[in-house]
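Just below is one structure, and these are the notes that go with it.
Start at 1 with the first residue, then count along the sequence.
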Amino acid sequence: MAFTLLIFINLYLCVMKKPPITIKDIARELNISPSTVSRALQNHPDISLATRERVQEYAKAHHYKPNGLALSLRTNKNKTIGVIIPEIIHHFFSSVLSGIEEVSDEEGYNVIVCQSGEKYEKEVRNTEALIASRVSGVLASLSKNTTNYNHFQEIVDSDIPLVFFDRICIGILTDKVVVDDYNGAFSVTEYLIQTGCRRIAFFSSPPHLEISKNRKNGYLDALRKYKIPVDERLIRICDTREDAIIVTPEFLQMEDRPDAFFAINDESAVGILYAVKQAGLKVPDDVSIFGFSNGRFALASDPMLSTVEQHGFDMGKHAAKLLISKIKGETQGQFTNKIIKTNLVLRGTTKQRITNNE
C-alpha cells in the first residue's frame with residue numbers, strides 16, 4: 001500500500017512539473033478572453049473563422065486537452081454535482097430537484113444544492129463556491145434578475161460541464177433542458193378563447209428571461225390566430241402572489257375589464273384569484289383564471305386552479321442524465337436542447353369549451 005502510494009506521488013509530481021495547458025493559458029498568450037477561447041475551441045459561430053483557426057492551431061501545437069487531469073480528478077475523486085436554483089420552496093424547482101437526485105443517486109453522485117434567492121450577486125457567489133469545490137458538473141436555472149452571464153462562462157472555462165434547465169442562457173454553448181413554454185402558453189390562451197373569453201390579461205415575468213419571451217409569444221400568437229386585437233394594457237410584469245393581489249384590482253376597475261387572466265406561474269394565479277373574489281366577482285362565471293406549473297398552490301386554492309403541467313421531475317431527470325453523460329466524456333463536442341412537453345390541467349377556475357352544434 002505504501003509502495004503504491006509512493007508511486008502515485010512520484011507520478012503526480014512529474015505531472016506537476018509540466019502542467020497541461022489550460023484555456024486561461026491560451027487566452028493569456030493570444031491576448032483574448034477565456035470565453036472567446038472556449039467558444040473558439042467549440043467552433044461557436046459567434047467567433048470569427050480567423051480567431052477560431054488561430055486558437056485551434058495554438059491549442060493543437062501546445063497539446064491542449066479539454067477535461068484532462070481535472071476531469072479525471074472530478075469524476076474519480078469528487079463525484080459531486082452542484083445545482084443552482086432560484087428557490088427550493090417553489091414546487092416546480094423542488095420537483096426538478098427530486099428528478100436530479102434520483103438520477104444522481106443511481107449513478108453514484110452526491111448533490112450540492114445552492115439557492116440564489118432570485119439574487120444575481122448570490123448566484124455569482126454560488127458559482128464561485130462550486131468551482132472552488134471542484135464539483136464534477138453544474139446544473140443551473142437562472143435568477144430572474146440575472147442579465148450578465150460571465151460567472152456561468154467561468155464554469156465552462158474551468159472545464160466543468162454545465163447544463164442549464166428551465167431558465168436558460170442561450171449565449172453559452174452548453175446543453176439545455178426547457179419546458180415547451182410557447183406551446184403551453186398558446187394552448188392556455190386558445191382554451192380560454194374557446195370558452196368564450198375575449199379580454200385575456202397576461203401577467204408575465206421579466207422580459208429578458210427566455211421563458212417570458214416564449215410564453216408571451218404563445219399568448220400573442222393565439223390571440224392573432226383568432227383575430228383578437230392585442231391590448232398592451234392587458235400585459236403586465238407581475239410574477240408573485242403579493243404583486244398580483246396589488247395589481248389585479250387595477251385591471252378589474254377598467255371599463256372593459258378582463259374576462260380572463262393568464263398568469264406565468266401558479267403563485268401569481270392564486271393572487272389573482274384572491275383579488276377577484278375580494279372584488280365580489282365569481283370564478284369562473286365572471287372571470288376565468290389559468291396558471292402555469294401545477295404545484296401545491298393549484299390544489300390548495302378554492303376553486304382549484306386550472307394550470308399547465310410542466311413535468312418538473314422529468315426535467316430534472318433529463319438534465320442530470322445530460323450532465324453525467326458530459327462528465328463521463330460520452331458526448332464531448334455535442335450539445336443537446338431537450339424540450340419537455342406540457343399539457344393543460346383543467347379545474348375549477350375555467351369554464352368548459354363552447355361547442356358548435358350547428
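E123 and T146 share a donor-acceptor pair across their side chains, judged by distance under 3.5 Å alone. When only modelled atom types and interatomic distance are considered, Y182 and D221 share a side-chain donor-acceptor pair under 3.5 Å. In summary, the side chains of T80 and S136 do not present any donor paired with an acceptor at a separation below 3.5 Å, with no hydrogens or angles considered. Donor-acceptor pairing under 3.5 Å is lacking for the side chains of S95 and S98. Side-chain contact annotation: N217 with N214, donor-acceptor N/O pair under 3.5 Å absent. In this structure, a donor-acceptor pair under 3.5 Å is present between the side chains of D157 and Q153. When only modelled atom types and interatomic distance are considered, Q310 and D181 share no side-chain donor-acceptor pair under 3.5 Å. A donor and an acceptor atom, one from each side chain of E154 and H151, are nowhere located under 3.5 Å apart. In this structure, a donor-acceptor pair under 3.5 Å is present between the side chains of T51 and S48.
With a 6.0 Å cutoff to the six-membered ring centre and a 45° limit on the axis angle, R215 counts as a cation-pi contact of F292. Both tests hold for K79 against Y109: distance to the six-membered ring centre under 6.0 Å, angle to the ring axis within 45°. Cation-pi contact between R241 and Y274: present, with separation from the ring centre below 6.0 Å and deviation from the ring axis of at most 45°. Under the 6.0 Å distance and 45° angle rule, K326 counts as a cation-pi partner of F335.
No donor-acceptor distance shorter than 3.5 angstrom exists from the side chain of T248 to the backbone of I245, with no hydrogens or angles considered. Of the possible polar contacts, one joining the D175 side chain to the T336 backbone as a donor-acceptor pair under 3.5 Å is found. Within the 3.5 Å criterion, the main-chain N or O of T240 finds a donor-acceptor partner in the side chain of S268. Checked by atom type and distance alone, the side chain of R198 pairs as donor or acceptor with a backbone atom of I193 at under 3.5 Å. Under a 3.5 Å cut-off, the side chain of S301 and the backbone N or O of P303 do form a donor-acceptor pair. Proximity of a side-chain donor or acceptor of S293 to a complementary backbone N or O of N265 within less than 3.5 Å is not detected.
Partner of T307 under the side-chain hydrogen bond (donor to acceptor under 3.5 Å, both in side chains) criterion, chosen from T350, T349, N294, D266: D266. A ring-ring contact (aromatic ring centres under 6.0 Å, His included) with F203 is found for exactly one of Y219, F262, F261, F290, namely F261.
The closest side-chain heavy-atom distance from V163 to K176 is not below 4.5 Å. A heavy-atom distance below 4.5 Å is not found between the side chains of V287 and D259. Proximity of R236 to V247: side-chain heavy atoms (C-beta onward) are separated by under 4.5 Å at one or more points. At a threshold of 4.5 Å between non-hydrogen side-chain atoms, the residues Y226 and E190 count as touching. Taking 4.5 Å as the limit, every side-chain heavy atom of I112 sits out of range of all side-chain heavy atoms of I81. Between L209 and K144 the shortest side-chain heavy-atom distance falls below 4.5 Å. Residues L49 and E53 form a side-chain contact, since some pair of their non-hydrogen atoms from C-beta on lies under 4.5 Å apart. In this structure the side chain of I235 reaches within 4.5 angstrom of the side chain of L220, judged on heavy atoms.
By the neighbour-count criterion of 12 heavy atoms within 6.0 Å, atom NZ of K24 is sparsely surrounded, having that number or fewer from other residues, nucleotides or ligands. Applying the 6.0 Å contact sphere to NZ of K216 captures no more than 12 heavy atoms from other residues, nucleotides or ligands.
Under the salt bridge (charged side-chain N to carboxylate O under 4.0 Å, His left out) criterion, D243 pairs with no residue at all, not counting sequence neighbours.
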Handout entry: Evaluation steps, side-chain hydrogen bond (donor to acceptor under 3.5 Å, both in side chains), between H311 and N343
Key = CA-CA 9 Å; H311 303 287; N343 59 275; 2.7 Å; yes
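Sequence neighbours left out, the pairs with a member in residues 295-320 that pass salt bridge (charged side-chain N to carboxylate O under 4.0 Å, His left out) are E102-K317.
The nearest pair of heavy atoms linking N145 to Y120 is O-CB, 4.1 Å.
A salt bridge does not link K321 to E107: none of the charged side-chain nitrogens sits closer than 4.0 Å to a carboxylate oxygen. Using a cutoff of 4.0 Å between basic side-chain nitrogens and carboxylate oxygens, K60 and E57 are not scored as salt-bridged.
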